[in-house]
Amino acid sequence: MGSPSSLLFLTFAFVLSSVSSTSSIPNPELFTQCLEANSQNPIPFSTTFFTPKHNASFTSVLESTAQNLRYLMPSMPKPAFIFTPLEDSHVQAAVICANKLKIHLRVRSGGHDYEGLSFVSLIEQPFMIIDLAKLRAIQVNIAHNTAWVEVGATIGEVYYRISEKSPVHAFPAGNCPSIGVGGHITGGGYGSLHRKYGLAADNIIDARIVDANGNILDRKAMGEDLFWAIRGGGGGSFGIILSWQIKLVHVPPLVTIFTIKKTLEQNANKILHKWQQVAPNIDEDLFFLVEIRGVNSSTPGKRTVQTSYVGRYLGTADRLLQLMTEKFPELGLTNKDCLQTSWIKSVPYIYGFPNTTSPEILIQRTISNKVFMKNKADYIRLVIPEIALNSIWKRFMQIDEPLMIWVPYGGMMSRISESALPYPHRKGVLFKLLYVSQWNDGEKSMEKYMNWVRRFYNFMTPYASRFPREAYLNYRDLDLGMNQFNRTSFLSSSTWGFKYFKDNFIRLVKVKYEVDPSNLFRHEQSIPPLPLESNKD
Ligand SMILES: Cc1cc2nc3c(=O)[nH]c(=O)nc-3n(C[C@H](O)[C@H](O)[C@H](O)COP(=O)(O)OP(=O)(O)OC[C@H]3O[C@@H](n4cnc5c(N)ncnc54)[C@H](O)[C@@H]3O)c2cc1C
Ligand SMILES: *[C@@H]1O[C@H](CO)[C@@H](O)[C@H](O)[C@H]1NC(C)=O
Ligand SMILES: *[C@@H]1O[C@H](CO)[C@@H](O)[C@H](O)[C@H]1NC(C)=O
Ligand SMILES: *[C@@H]1O[C@H](CO)[C@@H](O)[C@H](O)[C@H]1NC(C)=O
Ligand SMILES: *[C@@H]1O[C@H](CO)[C@@H](O)[C@H](O)[C@H]1NC(C)=O
């Protein structure tokens with residue numbers, strides 16, 4: 001881990017580069033004229049182009065997939081216009097015209113970015129949005145174990161369309177069905193199959209991307225460096241991804257799902273301590289995470305901590321019970337806690353729906369409750385001692401409805417090298433810890449919830465990974481730093497860059513400089529284009 005020397009090197013390099021980004025006030029008419037002139041096929045603007053002044057539907061389109069309500073508050077900057085391409089050539093034209101007319105652009109697939117970067121720019125106004133929600137075709141090829149999926153599809157649609165063709169094929173990606181395939185896969189994409197098959201990004205065969213010049217490149221045309229960078233290096237830095245070719249994986253016809261809940265009065269601490277050692281090391285057919293909440297206890301007026309173990313075993317209940325009896329009898333799993341079902345029916349359950357939920361819910365595109373949120377995350381590499389848990393609960397319970405989710409790693413995740421893809425959090429990670437802070441009444445409670453999660457995150461420092469304190473790009477967190485597109489910008493990027501990517505950050509910077517030296521694709525945490533020497537060591 002050569003982070004200190006790499007950091008020095010970046011400090012040096014940023015002096016050499018100069019950035020300038022001057023966006024003129026965008027004129028919608030000039031933009032649509034430019035689109036028409038540069039698109040291979042005609043563009044029906046009456047279904048694809050929205051300005052706040054001319055189109056009543058502007059607000060509903062802006063809000064459509066925006067997941068974090070904090071970034072829809074009136075105080076947040078709004079785009080000058082939104083373009084929703086219907087085909088690839090429209091995306092090419094949009095890139096060419098954004099470049100030509102110097103309009104800062106944001107790209108949105110599923111709108112689930114934690115910090116709203118796909119539809120809000122905090123650092124540059126005016127800006128526009130290219131919203132890819134209408135590019136959402138899914139073509140499944142069971143004979144070849146592959147599928148082509150367009151970026152505007154949700155991951156739930158991908159799961160569902162695969163299951164329509166085969167009950168024993170699946171794709172390892174996120175648990176939340178409404179996340180977009182565009183941002184999700186390019187940021188990594190973990191889920192309930194990652195212990196068995198790795199990340200979504202680990203299971204990509206090919207991709208099509210529109211580069212800064214408006215050309216469409218597939219894997220062969222883009223080359224292995226860029227193909228590496230877009231599988232984990234994150235959206236909005238390298239180009240606009242149009243579609244992914246994904247590799248399907250095998251699941252058995254019957255899987256087993258279960259939930260076990262334990263409160264402090266039911267020995268939660270001892271069991272959670274053991275979980276940290278068992279869950280990352282057990283048979284990789286088993287994935288079971290822990291949701292930790294503050295709840296009312298059975299003693300009136302008293303609160304307690306509730307740990308819920310929610311899991312899926314890729315096999316029958318008999319085998320799961322054998323495994324648990326041998327490895328984790330303390331959890332007390334019994335036959336009546338287990339439900340055998342198909343893989344596709346287990347998907348809504350793992351995300352938190354009742355066990356009777358029909359898989360059709362996966363194609364409803366908007367199924368997550370929209371809330372105001374500020375989440376943060378950690379990677380844990382050392383078991384948190386049992387005696388530390390009570391002091392953690394004390395801080396945890398300082399808000400009405402506290403929530404944490406502990407997601408086990410290990411298995412395939414430990415067998416893929418740290419530099420295979422930009423996503424570096426592999427061997428040695430026991431689990432990922434997500435701090436969830438959500439509220440419903442907007443500005444009113446915002447400070448309270450933001451402060452709680454920030455303070456709790458600081459409190460957890462001794463238990464988190466360090467040098468760097470690792471962070472997950474798809475759980476984007478602007479507290480880690482922001483680009484500023486002036487002389488200080490590249491210095492700040494190295495602080496969050498190493499947290500998200502460890503030393504892969506250096507290679508990402510090099511790729512960025514090769515493919516987008518003028519920094520057309522940029523945002524608060526995009527990869528900076530620096531002319532790094534290749535012989536830095
Ligand atoms: C409720 C919820 C649950 C989640 N659950 C999981 C989970 O189980 N596992 C997991 O790994 N993550 C999870 N995430 C995080 C999720 O993976 C990221 O937010 C991801 O970036 C979402 O992709 P998107 O297309 O929906 O987001 P968007 O907001 O559309 O985009 C995210 C980023 O990628 C860029 N981008 C979008 N599309 C493209 C494109 N086509 N080409 C280039 N850049 C693009 C955007 O500009 C933005 O910077 C969850 C998030 C939420 C809100
Ligand atoms: C939005 O308004 C512009 C300008 O009047 C128009 O050209 C376009 O068709 C409108 N778009 C929609 C979706 O109605
Ligand atoms: C928990 O208890 C408080 C007061 O004791 C009460 O107001 C609240 O509704 C209870 N919550 C639940 C989920 O029962
Ligand atoms: C399925 O859900 C129902 C309703 O919540 C519950 O009563 C039942 O115990 C659950 N079954 C299993 C096996 O978890
Ligand atoms: C860079 O920009 C930020 C805001 O975008 C500003 O706060 C800061 O002072 C600027 N720094 C310099 C050196 O201009």
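From a predicted model like this one, the values you see are computed outputs, not experimental measurements. In listed order, ligands and their atoms are each counted from 1.
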Top protein contact for atom 14 (N) of ligand 1, by heavy-atom distance
Tyr475 CE2, 3.8 Å

With backbone taken as N, CA, C and O and side chain as the heavy atoms from C-beta onward, which portion of Tyr472 lies under 4.0 Å from ligand 1: side chain, backbone, both, or neither?
side chain

Which ligand 1 atoms does Gly174 reach within 4.0 Å, using its non-hydrogen atoms?
7 (C), 8 (O), 9 (N)

With atoms numbered from 1 as shown, which atoms in ligand 4 lie under 4.0 angstrom from a non-hydrogen atom of Cys338?
13 (C)

Test: Lys376 cationic atom under 6.0 Å from Tyr435 six-membered ring centre, within 45° of axis:
no

Might you check, step by step, whether the distance between atom 2 (O) of ligand 4 and some protein heavy atom is under 4.0 Å?
yes

For the residue pair Tyr423 and Tyr379, does the interplanar ring angle fall in the parallel (under 30°), tilted (30 to 60°) or perpendicular (over 60°) class?
perpendicular

Using heavy-atom distances only, which candidate in Ala200, Cys176, Ser243 approaches atom 2 (C) of ligand 1 most closely?
Cys176

Salt bridge or not for Arg293 and Glu291, using N-O below 4.0 Å?
yes

Closest protein heavy atom (residue, atom, distance) for atom 4 (C) of ligand 3:
Asn296 ND2, 4.9 Å

Starting from atom 5 (O) of ligand 3, find the nearest protein heavy-atom neighbour and note its residue, name and distance.
Gly301 CA, 4.4 Å

In this structure, does ligand 1 have an atom that sits under 4.0 Å from one of the heavy atoms of Thr186?
no

Distance filter under 4.0 Å to Tyr351 heavy atoms, resulting ligand 1 atoms:
1 (C)

Atoms of ligand 4, numbered as shown, that sit under 4.0 Å from any heavy atom of Leu339:
13 (C)

Just go through His112, Arg476, His184 and tell me whose heavy atom is the nearest to atom 27 (O) of ligand 1.
His112

Going through the checks in order, is the salt bridge (charged side-chain N to carboxylate O under 4.0 Å, His left out) test met by Asp131 and Arg108?
CA-CA 5 Å; Asp131 186 325; Arg108 182 164 77 177; 2.7 Å; yes

Under the 4.0 Å line, does any protein heavy atom show up next to atom 9 (O) of ligand 4?
no

Please state whether the rings of Tyr71 and Phe119 are parallel, tilted or perpendicular, taking 30° and 60° as the class boundaries.
perpendicular

Would you confirm whether the ring centroid of His194 sits within less than 6.0 angstrom of the ring centroid of Tyr409?
yes

Closer than 4.0 angstrom, basic N to acidic O: yes or no for Lys134 and Glu87?
no

By number and element, which atoms of ligand 4 are closer than 4.0 Å to a non-hydrogen atom of Lys336?
13 (C)

Could you identify the single nearest non-hydrogen protein atom to atom 11 (N) of ligand 4 and state the distance to 0.1 Å?
Asn355 ND2, 2.8 Å

Using a strict cut-off of less than 4.0 Å between a Lys/Arg side-chain nitrogen and an Asp/Glu carboxylate oxygen, indicate whether Lys432 and Asp378 qualify as a salt bridge.
no

Subset of ligand 1 atoms that lie under 4.0 Å from at least one heavy atom of Val151
41 (N)

Determine whether any heavy atom of Gly116 lies closer than 4.0 Å to an atom of ligand 1.
no

Can you tell me how the ring of Tyr475 sits relative to the ring of Tyr190, calling it parallel under 30°, perpendicular over 60° and tilted otherwise?
perpendicular

Identify which of Ala377, Gly180, Ala133 has a heavy atom lying nearest to atom 26 (O) of ligand 1.
Gly180

